[in-house]
Amino acid sequence: MPTIAAISTPRATGGISVIRISGENAIEIAGQVFTPVSPKTAVAEMGGYSCAYGVISDNGERVDDGVLTVFRAPKSYTGENVAEISCHGGIFVTEKILRLILSKGAEAAGAGEFTKRAFLNGKTTLTQAEAVMDMIAAEGEASRKSAAALMEGALFRRIRKTADELALILSGLAAWADYPEEALPEIEDQALISALKKAESELSDILAQYDNGRLLREGVDTVICGKPNVGKSSLMNLLSGCERSIVTEIAGTTRDIIEETVRIGGITLRLCDTAGMREAADIAEAIGVRKAAQKMESSALILAVFDNSESLSPEDKILIERCAGKRCIALINKSDKPPKLNRSYITEKFTETVTISAKLGEGLEELRSALERLFKLDACMGMFDAGVIANERQRLCADRALSTLREAIAALSSGIPLDAVTVIIEEAEGALLELTGERVSDVVINNVFSRFCVGK
């Protein structure tokens, strides 16, 4: 494979930029552009895991100074010789150094090509490689913890355990079919069904955790709802830490959906501030109210806001009805004002009720605790440690394996011959090995790494 190079840090002005080179000629190419300051140091003789300070030059002209880090194959990220040049973090100087490296024989790396080489060279599994981008994209503690567990190999081990169980079943079936003259124990259908059901149960558990895990990793789509002037926009601004929504005493100020991503404790919320739920005063407000109702239907979490200083209104009761059966937290706002709200009615209708003052910034800690209880954060953190499915590719593989296992169990129960059942079980095993990346096509591999950033 050719030697490749790319900028591995963001293309923005900063203190330091890193240009990564990987391949058989990586260290040789680095030596053509980098000269150590110490006369005792030669790039070609640098050992793995070593650094040198020096000058980056182009045909004798100084371009910049920086640090060269060398990794020798196979003890590197990609499993190849790797050289990384750390230079000053200006966009122009960084790109000039990259162009210089490319002129010495390196090729521009494609998206995710360094990690792809790590996978192809056996330095990482496919699920671990996918977790690299999850770690880069992590926006909260839940997504970070999930990515860290995947990078450590938690999901691979969990899926591999089930795949090994199927392999053991298949080896027994193969021996029985290939050596009928041998005195092998008769394969009992019920024992085989029991073994398959164990694998089915394991996969069912893994798939059952996917949706909640995905919400916590990617962020919870959250809508703030309530009648006009209950403090929805003030709450949005409080959680956002800036003035994202206009706050006035005039009812109906918010007419469109206003969105922001915030972190509360270990949970990321993708917030939407919506128009007040009431009979609209004009066409524009009516559109906003309709959008608010649509958001309530599609969101994973509703923050239903009520005014502590007013009695429950018909609009409040309609909102409560719309929240029935959904994941909701009732927020009783304006705790700094004399209470008139029937709190007992609210607490009867919602599993989580929090008293806040968006104006004074009070109640955020109580909201954090309610969110963590609602999403069972402690249990989910333990779930992440055990290994959870992280993306749609993995989910489809696991789902295909589960469906095929159920087909095999049904086939056995209906008396279909064992050689036909063996083919079905092989399909299930193949789906699991595709998930781990041990039996996967070039098309799938290329698709996975095409979603990576260049330089990773």
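Starting from 1, each residue takes its place in the sequence as its number.
Annotation: salt bridge (charged side-chain N to carboxylate O under 4.0 Å, His left out) contacts of Asp164 (sequence neighbours excluded): Arg160. The salt bridge (charged side-chain N to carboxylate O under 4.0 Å, His left out) search around Asp307 returns Lys334, not counting sequence neighbours. Remark: Glu392 pairs with Tyr210, Arg395 by the side chain to side chain donor-acceptor pair (under 3.5 Å) rule, at least two apart or across chains. Taking Glu365 as the reference, Arg368, Ser369 meet the side-chain contact (heavy atoms from CB on, under 4.5 Å) condition, with sequence neighbours excluded. For the side-chain contact (heavy atoms from CB on, under 4.5 Å) test, residues two or more places apart in sequence or in another chain that qualify with Ile91 are Thr13, Glu95. For Glu218, the side-chain contact (heavy atoms from CB on, under 4.5 Å) partners are Arg214, not counting sequence neighbours. Considering only residues two or more places apart in sequence or on other chains, Glu107 meets the salt bridge (charged side-chain N to carboxylate O under 4.0 Å, His left out) condition with none of them. Not counting sequence neighbours, the partners of Glu165 by the salt bridge (charged side-chain N to carboxylate O under 4.0 Å, His left out) test are Lys161, Lys198. Scored by the side-chain contact (heavy atoms from CB on, under 4.5 Å) test, Gln128 finds Thr124, Thr125 as partners (sequence neighbours excluded).
Residue pairs meeting the side chain to side chain donor-acceptor pair (under 3.5 Å) criterion with at least one member in residues 440-456, sequence neighbours excluded: Lys116-Asn446. Among pairs with a residue in residues 428-456, those fulfilling ring pair (Phe, Tyr, Trp, His ring centres under 6.0 Å) read Phe449-Phe452, at least two apart in sequence or across chains.
Salt bridge Arg270/Glu260: absent, no basic N to carboxylate O contact under 4.0 Å. The residues Glu113 and Arg20 are annotated as not salt-bridged, no charged nitrogen and carboxylate oxygen being separated by less than 4.0 angstrom. Taking the charged nitrogens against the carboxylate oxygens, Arg400 and Glu434 do have a contact shorter than 4.0 Å, which makes a salt bridge.
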For residues 67-75, run the donor-acceptor check on the side chains, cut-off 3.5 Å, and write out each pair with its distance to 0.1 Å, sequence neighbours left out.
from, atom 1, to, atom 2, distance (Å)
Arg72, NE, Met46, O, 3.0
Arg72, NH2, Ala44, O, 2.9
Arg72, NH2, Met46, O, 2.8

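No donor-acceptor contact under 3.5 angstrom links the side chains of Asn81 and Glu24, judged on distance only.
Shown here is Arg263, whose CZ atom has no more than 12 heavy atoms of other residues, nucleotides or ligands within 6.0 Å. Residue Leu360 qualifies as enclosed at atom CG: its count of foreign heavy atoms under 6.0 Å is above 12.
Checked by atom type and distance alone, the side chain of Arg144 never pairs as donor or acceptor with a backbone atom of Ala138 at under 3.5 Å.
The structure places CG of Leu196 at 12.0 Å from CD of Glu407, a figure rounded to the nearest 0.5 Å.
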